Amino acid sequence: MITTLLVANRGEIACRIFRTCRERGIGTVAVFSDADAGALHVREADSAVRLPGAAPADTYLRGDLIVKAALAAGADAVHPGYGFLSENAEFARAVLDAGLVWVGPSPEAIEAMASKTRAKELMAAAGVPLLAPVDPASATEAELPLLLKAAAGGGGRGMRVVRQLADVKEELAAASSEARSAFGDGEVFAEPYVERGRHVEVQILADAHGTVWALGTRDCSLQRRHQKVIEESPAPGLTAGLRTTLADAALAAARAVEYRGAGTVEFLISPTGRAYFLEMNTRLQVEHPVTEEVFGLDLVALQLALAEGAKLPPEPPAPRGHAVEARLYAEDPARGWAPQPGRVHELTVGRPHAPGPWPEAGGAHPAAGAGVEPPGGIATGPAAGPVRPGRRPYADAVPDPGVHPGRPRLRVDAGYGPGDSVGVHYDSMLAKVVAWAPTRADAVRLLADALRRARVHGPLTNRELLVRSLRHPEFTAGEADTGFYERHLDALTEGKDDGGARHAAVAAALADAVRRGHPVGGWRNLASQPQTKTYGDHEVRYHRTRDGFRVEDDAVRAVAVAPDRVSLEADGVLRHFDVTEYGGEHSGESVSEYVYVDGPTASYRLRAHPRFTDPRTATAPGSLLAPMPGTVVRIADGIGEGSAVTAGQPLVWLEAMKMEHRIVSPASGTLTVLHAVPGSQVEVGALLAVVTDVSQGDI
């Protein structure tokens with residue numbers, strides 16, 4: 001029996017696993033890098049062991065250090081989570097050789113599927129349909145576009161779409177570099193890229209006694225940089241025959257390697273409805289909550305039970321309803337999905353509500369009744385308990401679907417809490433927000449509304465993109481494919497203002513006036529110049545009068561003003577805005593440069609313009625600045641100071657948050673300054689290079 005579990009991972013997945021451990025009476029051990037010393041997963045664990053350093057290669061990819069940490073902390077089992085070493089057979093062997101329980105498939109099964117090239121050979125022998133591999137060195141125009149993929153690992157790392165033969169060499173190098181950084185293995189292979197295909201996967205669960213479950217389908221087609229953004233279960237629009245085909249292929253894949261534990265078999269569905277095997281992930285997936293919600297299972301609890309030798313019932317439970325998950329990232333979709341490091345001030349999702357009284361756990365989901373056979377009498381149904389918006393940054397437990405079988409519900413799994421900082425070394429996902437409802441339409445609507453109402457204060461996020469994506473006609477009709485963002489990203493990220501941004505700026509200005517000691521009633525008998533405050537493109541001019549604040553905008557009337565809440569009337573409609581600033585001399589923190597305004601239809605992160613500009617902050621034309629903190633991983637081949645460059649040409653590659661980011665020339669000209677040095681660390685705003693136009697001077 002497992003008594004103490006070490007999670008060889010970080011962030012949201014570590015917190016997720018710890019939650020199940022608490023419910024099952026299992027002790028927990030975290031590991032952490034120096035960059036994660038104060039992270040939420042460290043605070044959530046019973047004990048924690050430091051892995052010196054910050055880079056993944058020095059910390060979370062050091063299997064030897066993690067095994068030593070487990071032994072030192074008295075753990076008797078190791079759960080790998082996902083990413084890092086979760087699909088590393090040698091790590092699994094090292095855990096077992098140390099006398100510890102490995103919560104995952106056998107090293108042999110991991111090894112068989114860890115290399116996607118070998119996995120395809122096994123699947124071909126098992127009769128699973130495949131896409132034929134392509135040798136990138138001899139690829140022809142007829143074989144384009146190509147999809148380059150890392151042979152090890154997953155999560156979109158080391159993946160590139162190549163549409164021109166001239167780009168193959170460069171993209172191969174980039175994919176290999178990214179894969180090596182993420183997984184310690186730079187092997188890359190190529191296969192045809194299917195335009196407008198759908199990414200559909202099957203969750204499998206297998207015990208050591210020959211029983212294998214196929215737990216429905218998940219559609220994960222909405223992706224950025226080949227990383228999933230929105231997932232749902234069941235996959236919409238599939239015929240009964242195709243669902244059977246996918247389930248049978250997934251079961252065949254699992255049995256081909258004598259699989260044990262939780263895993264996922266991924267497929268690409270062509271526009272004609274033909275299924276192709278992509279890969280098998282020998283681990284838990286980021287999107288596993290949508291399967292848990294639909295089937296009423298706790299997959300982490302089942303992983304632990306199976307690692308202890310438990311037997312599954314002959315058949316899996318029946319699914320109910322529909323679940324949709326959105327990944328909330330600290331990133332800017334409009335700027336190439338650039339990560340946005342910074343401090344998280346607040347992360348609260350959903351409408352505040354009275355949480356109880358909730359029944360005791362016992363009205364289990366009918367699907368969970370089969371449970372898992374002894375030893376231990378381990379229950380498979382989720383524990384009863386509400387999501388408590390405003391109390392914690394994530395849900396401690398999922399409300400039991402059997403208690404309110406038709407009641408829609410939210411679930412939030414996060415790896416950050418108030419005061420935590422999103423750094424540059426790891427993935428930028430803040431949280432996963434999941435909605436369950438009896439129908440797909442209700443689940444999608446609930447999730448979009450929950451994200452819209454969320455209080456997300458801190459780094460810029462993809463929250464608005466998620467809301468717009470969930471409400472896009474193509475998605476609501478269940479017709480989205482992997483090219484969704486290629487077609488719609490510009491429209492989904494363009495500035496759309498129905499007046500809300502203007503009203504938010506007014507609310508911020510008036511709340512600021514009260515905070516600065518300009519109360520209502522500080523009026524003069526003589527006319528005076530208005531006070532002025534500017535946020536972005538919105539200049540707010542207002543007066544303090546006997547009756548309150550008067551805004552120099554006849555369309556807006558200030559009804560009530562407080563330091564944290566402003567009520568405005570426009571066109572006869574009263575709207576309330578919550579205004580929040582962080583820091584200040586009384587809090588012991590430096591003042592945040594942003595003010596956060598949460599309105600009835602949207603939320604805004606506003607930055608006030610200074611009254612006077614510091615000339616020292618001016619940047620020379622043609623300067624290429626680091627958009628984020630990171631490491632310079634390479635410079636374009638054959639360039640140096642004095643080189644001729646063209647508009648859009650990649651010049652410098654930065655690595656941040658486990659992804660590579662290209663810094664391109666803003667126009668054609670001459671590279672007159674090159675400060676970037678491979679291997680060097682740079683801060684946001686650091687000068688990397690300067691491009692000068694030959695005819696026009698600096699650009």
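In this text, all values refer to a predicted model and were calculated from it rather than measured experimentally.
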The reported gap from CG in L460 to CG in D332 (rounded to nearest 0.5 angstrom) is 5.0 Å

Donor-acceptor pair, distance only, cut-off 3.5 Å: does the side chain of R43 make one with the backbone of G38?
yes

Evaluate the side chain to side chain contact (heavy atoms under 4.5 Å, CB included) criterion for residues L447 and V433: first the C-alpha distance (whole Å), next the side-chain angles of each, then the deciding distance (0.1 Å), finally the verdict.
CA-CA 7 Å; L447 181 57; V433 185; 3.5 Å; yes

Quick one, D219 and P236 - any side-chain contact, counting heavy atoms below 4.5 Å?
yes

Less than 4.5 Å apart, any side-chain heavy atom of T534 and any of V540?
no

Just grab all the ring pair (Phe, Tyr, Trp, His ring centres under 6.0 Å) pairs involving residues 441-464, residues at least two apart or on different chains.
H457-Y582, H457-Y596

Quick check: do D36 and R10 have side-chain heavy atoms less than 4.5 Å from each other?
yes

Apply side-chain hydrogen bond (donor to acceptor under 3.5 Å, both in side chains) to D547 and T545, showing your working.
CA-CA 5 Å; D547 300 319; T545 72; 5.1 Å; no

Looking only at side-chain N and O atoms, does D298 offer a donor or acceptor that is under 3.5 Å from a partner on T20?
yes

Output, in order, the C-alpha distance, side-chain angles, deciding distance and verdict of side-chain hydrogen bond (donor to acceptor under 3.5 Å, both in side chains) for H543 and Q531.
CA-CA 6 Å; H543 297 266; Q531 297 290 322; over 6 Å; no

May I ask you to test the H576-P600 pair for a side-chain heavy-atom distance under 4.5 Å?
no

Salt bridge (Lys or Arg N to Asp or Glu O under 4.0 Å) for E44 and R22? Distances and angles first, verdict last.
CA-CA 10 Å; E44 289 285 306; R22 287 194 299 270; 3.1 Å; yes

Looking at R411 and V290, would you say the former's side chain and the latter's main chain have a donor-acceptor pair under 3.5 Å?
no

Measuring only between side-chain heavy atoms, which start at C-beta, is L465 closer than 4.5 Å to W337?
yes

For residues D512 and Y535, determine if any side-chain heavy atom of one lies less than 4.5 Å from a side-chain heavy atom of the other.
yes

Carefully, step by step, assess V597 and D578 under the rule side chain to side chain contact (heavy atoms under 4.5 Å, CB included).
CA-CA 6 Å; V597 181; D578 293 320; over 6 Å; no

Should S221 and D481 be marked as a side-chain hydrogen bond (donor to acceptor under 3.5 Å, both in side chains) after you check the CA-CA gap, both sets of side-chain angles, and the distance that decides it?
CA-CA 5 Å; S221 297; D481 57 64; over 6 Å; no

Given H288, Q203, H199, the one that forms side-chain hydrogen bond (donor to acceptor under 3.5 Å, both in side chains) with R218:
Q203

Min side-chain heavy-atom separation L492-S469 under 4.5 Å
yes

Using the test side chain to side chain donor-acceptor pair (under 3.5 Å), find all partners of E12 that sit at least two apart in sequence or belong to another chain.
Y82, K432

Would you say the side chain of V506 lies within less than 4.5 Å of the side chain of Y542, judging by non-hydrogen atoms?
no

Holding to ring pair (Phe, Tyr, Trp, His ring centres under 6.0 Å), I want the full list of residues that pass it with F484, two or more places apart in sequence or in another chain.
H472, H488

